[in-house]
Engineer: 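This is the structure, below, for whatever I ask next.
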Amino acid sequence: MNLSRLSGTALQYAFLGLAAFLSIFPFFWMVISATNTSIDIIGGKTTFGDAFLANVGKFFTEVDVPLIFWNSAKVAVLATVLTIAVSSLAGYGFEMFKSKARDRIYSLVLLTLMVPFGALMIPLFMMMAKTGLINTHIAIMLPTVASAFIIFYFRQSTKAFPTELRDAAKVDGLKEWQIFLYIYVPVMRSTYAAAFVIVFMTNWNNYLWPLIVLQSNETKTITLVVSSLASAYYPDYGVVMIGTILATLPTLFVFFVMQRQFVQGMLGSVK
Amino acid sequence: MAAGKTGGLKRYHDLNGWLFVAPSVLLISIFLVYPIFRSLYLSFFSGKGMMMKFAGFGNVARLWHDPVFIQALTNTVVFFVVQVPIMILLALMLAAVLNNDRLKFIGFFRTAIFLPCVASLVAYSVLFKSMFSVDGVVNQALMAIGLIGTPIGWLTEPFWAKVLVILAITWRWTGYNMIFYLAALQNIDKSIYEAARIDGVPAWARFVHITVPMLKPVILFTTIISTIGTIQLFDEVYNLTEGKGGPANATLTLSLYIYNLTFRFMPSFGYAATVSYVIVLMVALFSFLQFYAARDRA
C-alpha cells in the first residue's frame with residue numbers, strides 16, 4: 001500500500017516534471033538561440049554561442065525597433081483601456097439596470113461570441129478601405145474594442161458587487177456615473193486588473209487583423225515584423241530570436257507582475 | 001401619485017441602463033453584427049475585386065467542386081477532432097495532479113505549465129518552426145532517445161506537418177485550460193476525495209468518477225472555447241508554413257484559405273465570404289452540440 005502510494009507520487013512528479021520541461025523548453029530555446037547563428041539554430045545547437053551582439057546589431061539595422069515597439073505598445077495599451085472602459089460600463093449596466101429589453105440585447109451580445117473573425121474580416125476590410133482607415137492604428141483598435149467576452153466577464157463579476165454600497169451612495173446623493181466611477185471601479189479593481197491582463201495580451205499578440213490592415217513598415221507592430229522576418233526564404237533565425245524575445249517580454253512582464261489577479265479573474269469568470 | 005413615482009423611477013432606471021450599455025452595444029453593432037450580415041450578403045455575389053455580380057447560390061455550388069476548399073475543410077476538422085480531446089484530457093490530468101497540496105514545488109509547476117499562454121501565437125510558431133527543422137533540436141532529441149532512426153520532415157511531409165501543428169497548439173493552450181480546471185477543482189470539497197481514498201477508491205477512479213463529473217460545466221465551457229479557436233486556426237499555420245498552408249496544402253485551414261482568397265490573389269470577396277460562412281455554421285453547430293450533450297446528461 002505504502003509502496004504503491006510512493007510510486008504514485010513518483011509518477012505524479014515525473015508527469016509534472018516532463019510537462020514543466022516541455023512547457024519551458026521553447027523559452028529556453030529562444031534565449032539560447034538568440035546567442036547563436038542561424039546555421040547553429042537550424043542544426044539544433046543547445047548551448048550558448050557568441051553571436052548575440054551580432055544578432056542584436058542586425059536586428060536593429062533591419063528594423064526600426066523603437067518605432068515598431070512604440071506602435072505595438074500604443075495599439076495594445078489604447079485598445080485595452082478602451083475595451084475595458086466600454087465593456088465594464090456595459091457589464092455594470094446590464095447587471096445593475098435589469099430590464100427585459102436589455103436582457104434580450106445581452107443575449108444577442110453573447111451570441112456574437114460565436115462569430116468567428118474569419119467571417120468578419122472581409123466586410124471589416126472593405127469598411128476600413130471605404131473610410132480611408134487602411135494602414136492606420138485606429139483601424140486596428142476599433143473592431144477589438146467591441147468585446148462580448150469582456151462584457152460577459154464584467155457582468156459576471158458585477159454579481160459579486162455589494163448592492164448595499166450602491167444604495168448607500170444613492171442615499172448620499174451620488175449620481176449613477178459617480179457611483180460607477182468612485183465606488184464600483186475601486187471596489188472591482190482586481191476584476192479590472194485581471195481584465196487588463198487578458199485584453200492586453202490579446203491586443204499585444206493580435207496578428208491576423210493587423211496583417212490585413214497594416215501595409216507599410218512605419219505602421220507595423222512587432223508581431224508583424226517577427227512574422228515577416230521569419231517567413232523569408234532563408235530566415236536568419238538568430239535575428240528572428242531577438243524579435244521573438246522583444247515580442248514576448250512585455251507579456252511575460254505583465255503576467256509575472258499580475259499573476260495573482262490573473263488567476264483571481266479567471267476564477268470569477270468561470271463561476 | 002404612487003404610480004407616477006414608480007413610473008419616474010422606472011424611467012430613471014431605464015435611461016441609466018441604456019446609457020451604460022450604449023457604447024458597447026453600438027460598437028458591437030457596427031463591428032460585429034453589421035459585418036456578419038454583410039458577409040452573408042456578399043456570399044451571394046461572385047467576381048474578382050470590385051467587379052461583382054449577383055450569383056445566387058453559385059458560390060455554394062462552387063464549394064463542392066473546389067478541391068482546395070475540401071482540403072481546407074478536412075484539415076480544419078482533423079485539427080480539432082484530434083487536438084481538442086487530447087488537450088482537454090492532458091489539461092484535466094495536470095490539474096488533478098496539481099490540485100494535490102502534498103506535492104512539493106506546486107507553485108513552480110503551475111507557473112511553468114501555464115507559461116506557454118504568454119507566448120504570442122506568432123512568436124511560438126516561429127520558435128517551433130526553428131525547433132522542428134530537419135536537423136533541428138527535436139529530431140536530434142528523438143533520435144538520441146531512439147524513438148526515430150532518421151529525421152522526420154516536420155515541415156516537408158504532409159502527415160508530419162499536421163502533427164506539428166497539433167503539437168504546437170497543444171503546447172500553447174494546455175496550460176490555459178488547466179488553469180480553468182484548477183480553479184474549479186479548488187472549489188470542490190476536499191473531504192470528498194478523502195472519503196473516496198479511505199474507501200479505497202484508486203486514483204484513476206477518483207479522477208473518472210469524481211473529478212470529471214464535478215468539472216463538467218467547466219469542461220464544456222473550455223471544450224467550446226477550444227473548438228471555436230481551432231476551427232479558426234490561422235496564426236500558427238501561417239507562420240509555420242510562410243503563409244502557404246503547405247506542404248501540398250496539408251495544413252491549409254479555412255481561415256487561411258479565406259485570407260488567401262481575399263488578400264493573396266485578386267480578391268474574390270463573394271466566394272471568400274461563402275467560405276467564411278462555412279466557419280460560422282461549424283462554430284454554431286459544434287457549440288450547439290456540445291451544449292446539448294452536456295445538458296442531456298446533467
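Every chain is numbered from 1 and lettered A, B, ... according to where its sequence line falls, protein lines coming before strand lines.
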Engineer: Check whether F263(B) gets within reach of chain A through its side chain, its backbone, both or neither, counting any heavy atom under 4.5 Å.
Structural biologist: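 Side chain of F263(B) only, per the 4.5 Å heavy-atom cut-off to chain A.
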
Engineer: Specify whether F255(A) and F114(B) have parallel, tilted or perpendicular ring planes, treating 30° as the upper limit for parallel and 60° as the lower limit for perpendicular.
Structural biologist: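 Aromatic pair F255(A)/F114(B) classed tilted.
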
Engineer: Please classify the contact between F132(B) and chain A as side chain, backbone, both or neither, with a heavy-atom cut-off of under 4.5 Å.
Structural biologist: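 For F132(B), no heavy atom lies under 4.5 Å from chain A.
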
Engineer: Given that the side chain runs from C-beta out, which part of L22(A) has a heavy atom under 4.5 Å from chain B: side chain, backbone, both or neither?
Structural biologist: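 The backbone, not the side chain.
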
Engineer: Pick one of side chain, backbone, both or neither for M93(B), based on which atoms fall under 4.5 Å of a heavy atom in chain A.
Structural biologist: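 Looking at M93(B), backbone and side chain both touch chain A.
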
Engineer: Side chain, backbone, both or neither: which part of F117(A) has a non-hydrogen atom closer than 4.5 Å to chain B?
Structural biologist: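 For F117(A), the contact with chain B is made by backbone and side chain together.
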
Engineer: Is it the side chain or the backbone of N239(B) that comes within 4.5 Å of chain A heavy atoms, both, or neither?
Structural biologist: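 Contact with chain A is through the side chain of N239(B) alone.
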
Engineer: Quick check on N139(B) against chain A: is it the side chain, the backbone, both or neither that has a heavy atom closer than 4.5 Å?
Structural biologist: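 For N139(B), there is no contact with chain A at all, as no heavy atom is under 4.5 Å.
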
Engineer: For the candidates T241(B), L127(B), V283(B), which exhibits the highest count of non-hydrogen atom pairs separated by less than 4.5 Å from chain A?
Structural biologist: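 Of the options given, most contacts go to L127(B).
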
Engineer: With only heavy atoms counted, which part of T111(B) is less than 4.5 Å from chain A, the side chain, the backbone, both or neither?
Structural biologist: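 Contact with chain A is through both the backbone and side chain of T111(B).
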
Engineer: Please rank R38(B), Q232(B), E242(B), R110(B) by heavy-atom pairs under 4.5 Å with chain A and give me the top one.
Structural biologist: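 Going by pairs under 4.5 Å, I would pick Q232(B).
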
Engineer: By a 4.5 Å heavy-atom criterion (distance strictly below it), what part of M96(A) contacts chain B: side chain, backbone, both, or neither?
Structural biologist: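 It is the backbone, since no side chain atom gets that close.
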
Engineer: Quick check on the interface: out of A284(B), G136(B), C117(B), who has the most heavy-atom pairs with chain A under 4.5 Å?
Structural biologist: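 Winner by heavy-atom pair count: G136(B).
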
Engineer: Looking at every non-hydrogen atom in both residues, tell me the closest pair between I245(A) and V31(A) and how far apart they are.
Structural biologist: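 Scanning both residues completely, I find the closest heavy atoms to be CD1-CA, 4.4 Å.
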
Engineer: Can you say whether V25(B) sits under 4.5 Å from chain A via the side chain, the backbone, both, or neither, judging by heavy atoms?
Structural biologist: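 V25(B) touches chain A through side-chain heavy atoms alone.
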
Engineer: Any idea which of S130(B), S29(B), S43(B) has the most non-hydrogen atom pairs under 4.5 angstrom with chain A?
Structural biologist: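 Greatest number of close heavy-atom pairs with chain A: S130(B).
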
Engineer: Any side-chain donor paired with an acceptor under 3.5 Å for S147(A) and Y153(A)?
Structural biologist: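 Not at all, the side chains of S147(A) and Y153(A) share no donor-acceptor pair under 3.5 Å.
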
Engineer: Determine whether Y238(B) and S255(B) satisfy the following criterion, side-chain hydrogen bond (donor to acceptor under 3.5 Å, both in side chains), listing intermediate values before the conclusion.
Structural biologist: CA-CA 10 Å; Y238(B) 190 93; S255(B) 289; over 6 Å; no

Engineer: Between T262(B) and chain A, which part of the residue has a heavy atom less than 4.5 Å away: side chain, backbone, both or neither?
Structural biologist: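 When you check distances to chain A, only side chain atoms of T262(B) fall under 4.5 Å.
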
Engineer: Against chain B, label Y233(A) side chain, backbone, both or neither, depending on which of its atoms sit under 4.5 Å from a heavy atom there.
Structural biologist: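 Neither part.
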
Engineer: Exactly one of R155(A), R102(A), R166(A) should register a salt bridge (Lys or Arg N to Asp or Glu O under 4.0 Å) with E95(A). Which one does?
Structural biologist: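 Running salt bridge (Lys or Arg N to Asp or Glu O under 4.0 Å) over R155(A), R102(A), R166(A) with E95(A) returns exactly one hit, R155(A).
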
Engineer: For T158(A) and Y184(A), test the side chains for any donor-to-acceptor distance below 3.5 angstrom and give the result as yes or no.
Structural biologist: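 Yes.
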
Engineer: Measuring heavy-atom distances to chain B, does I41(A) have an atom under 4.5 Å in its side chain, in its backbone, in both, or in neither?
Structural biologist: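 Both the backbone and the side chain of I41(A) come within 4.5 Å of chain B.
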
Engineer: Pick one of side chain, backbone, both or neither for L94(B), based on which atoms fall under 4.5 Å of a heavy atom in chain A.
Structural biologist: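 Both parts, backbone and side chain.
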
Engineer: If you count heavy-atom pairs within less than 4.5 Å of chain A, which of N100(B), I279(B), L103(B) leads?
Structural biologist: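 Option with the top pair count is L103(B).
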
Engineer: Report which part of Y259(B) has an atom under 4.5 Å of a heavy atom belonging to chain A: side chain, backbone, both, or neither.
Structural biologist: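 Contact with chain A: backbone and side chain both.
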
Engineer: Pick one of side chain, backbone, both or neither for F21(A), based on which atoms fall under 4.5 Å of a heavy atom in chain B.
Structural biologist: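 The answer is neither part of F21(A).
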
Engineer: Please classify the contact of S227(A) with chain B as side chain, backbone, both or neither, using a heavy-atom distance under 4.5 Å.
Structural biologist: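 Both backbone and side chain.
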
Engineer: Please state whether the side chain, the backbone, both or neither of A85(A) comes within less than 4.5 Å of a heavy atom of chain B.
Structural biologist: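 The answer is neither part of A85(A).
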
Engineer: What part of F94(A) gets closer than 4.5 Å to chain B, counting heavy atoms only: side chain, backbone, both or neither?
Structural biologist: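 For F94(A), heavy atoms of backbone and side chain both lie under 4.5 Å from chain B.
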
Engineer: May I ask you to decide if the ring planes of Y257(B) and Y271(B) are parallel, tilted or perpendicular, using 30° and 60° as cut-offs?
Structural biologist: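 Plane angle over 60°, so perpendicular.
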
Engineer: Name the region of Y34(B), side chain, backbone, both or neither, that has any atom closer than 4.5 Å to a heavy atom of chain A.
Structural biologist: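 Just the side chain, heavy atoms under 4.5 Å.
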
Engineer: Heavy-atom distance under 4.5 Å between the side chains of Y207(A) and V226(A), does that happen here?
Structural biologist: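 Y207(A) does not reach V226(A) side chain to side chain.
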
